[in-house]
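First the structure, then my questions, so here it is.
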Amino acid sequence: MFGSKKKRRASLNDLMAQLRPDLSRESLGVGPDFPGVAPNPLLSSEARKRKAELRSGTLALGVLVNWREVNSNPRVVLMFDVETADGISFRGIADEDLTITELTRLAPGQTLPVRYRPAVMDHYVALARDADPAHVQQLSDEIASRKRT
């Protein structure tokens, strides 16, 4: 509405950090360039666009570090240490709606397939629920062989 978009985004991130300190940049382990967690991704056109882009993003592996429940849907923010096929490592954040069953199966240290946007590299990732298990295994083997050398 009024003011610059960057200024509104900064004040929204500050408000979210005050309301939910567990979702602040520092708590999530990301840098100052991280755009933040949307209060309601269904109402955010940026969040809807990002989710659509992530669905067709590049496959990587994420080791689950921790998670935070955002609401009782259950919507959770998952924090991953992500490793890409190109050898890039970064802290990835996935904003996901999980079933109660999926939520109870979460454990730190789990390795899960995720998708990211290499052109953007903004810390956002999404669970790659559609990933072919053979492709995930191939990626895992590739990353493991690189670590051994």
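Model, not experiment: these values are computed from the prediction.
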Kindly compute the distance separating CG (Asp141) from CZ (Arg146), expressed to the nearest 0.5 Å.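 So the gap between those two atoms works out to 12.0 Å.
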
With rounding to the nearest 0.5 angstrom, report the OG to NE2 distance, Ser140 to His135.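 Interatomic distance, Ser140 OG to His135 NE2, rounded to 0.5 Å: 11.5 Å.
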
Rounded to the nearest 0.5 Å, what separation is found between the CG atom of Leu112 and the CG atom of Leu64?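 The CG atom of Leu112 sits 6.5 Å away from the CG atom of Leu64.
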
With side chains defined as the heavy atoms from C-beta onward, is the minimum distance between Ile88 and Glu83 less than 4.5 Å?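 Not touching, per the 4.5 Å side-chain cut-off.
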
Could you walk me through whether Val82 and Leu61 satisfy the side-chain contact (heavy atoms from CB on, under 4.5 Å) test, starting with their C-alpha distance in whole Å, then the side-chain angles of each, then the deciding distance to 0.1 Å, before giving a yes or no? CA-CA 6 Å; Val82 178; Leu61 293 180; over 6 Å; no

Heavy-atom pair of closest approach, residues Ala128 and Leu59: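 Nearest heavy atoms, Ala128 then Leu59: CB-CD1, 3.7 Å.
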
When you look at Arg129 and Glu96, which way does the salt bridge (Lys or Arg N to Asp or Glu O under 4.0 Å) test go after all the steps? CA-CA 11 Å; Arg129 299 168 193 246; Glu96 300 281 344; 3.5 Å; yes

Would you say Lys51's side chain and Ala126's backbone share a donor-acceptor pair under 3.5 angstrom?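 Not a single qualifying donor-acceptor pair exists.
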
Do side-chain atoms of Glu53 reach the backbone of Arg50 as a donor and acceptor pair under 3.5 angstrom?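 No; zero donor-acceptor contacts below 3.5 Å.
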
Please step through side-chain contact (heavy atoms from CB on, under 4.5 Å) for the pair Arg115 and Thr58, ending with a clear verdict. CA-CA 5 Å; Arg115 295 195 183 278; Thr58 304; over 6 Å; no

Might you point out which heavy atoms bring Asp97 and Glu102 nearest each other, and give the distance in Å?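 Reported closest heavy-atom pair: O-OE1, 4.4 Å.
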
State yes or no: do Val120 and Tyr116 share one hydrophobic cluster built from I, L, V, M, F, W and Y residues joined by side-chain heavy-atom distances below 4.5 Å, directly or via other members?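 No, separate clusters.
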
Just wondering, do Ile100 and Pro74 contact through their side chains at under 4.5 Å, heavy atoms?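 Yes, at least one pair of side-chain atoms sits under 4.5 Å.
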
Measure the CD-CG distance between Glu69 and Leu98 for me, rounded to the nearest 0.5 Å.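 Rounded to the nearest 0.5 Å, the CD-CG separation comes out at 9.5 Å.
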
Within one Ile-Leu-Val-Met-Phe-Trp-Tyr cluster: Leu78 and Val63, side-chain cutoff 4.5 Å: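 Different clusters: Leu78 never reaches Val63 through Ile, Leu, Val, Met, Phe, Trp or Tyr contacts under 4.5 Å.
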
If you measure from CD1 on Ile143 to CD on Gln138, what distance do you get to the nearest 0.5 Å?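 So the CD1 of Ile143 and the CD of Gln138 are separated by 11.0 Å.
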
How far does CZ of Arg68 sit from CG of Asp95, to the nearest 0.5 angstrom?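 The CG atom of Asp95 is 13.5 Å from CZ of Arg68, to the nearest 0.5 Å.
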
Val114-Val77 co-clustered via ILVMFWY side chain contacts under 4.5 Å: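 Val114 and Val77: separate clusters.
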
Under 4.5 Å between any side-chain heavy atoms of Thr84 and Leu139, yes or no?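 In short, these two side chains do not touch, never coming nearer than 4.5 Å.
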
Residues Asp130 and Arg55 bridged, charged N to O under 4.0 Å: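 The answer is no: the pair does not qualify as a salt bridge.
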
For residues Phe90 and Phe80, establish whether the separation of their ring centroids is below 6.0 Å.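 No, the ring centres sit 6.0 Å or more apart.
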
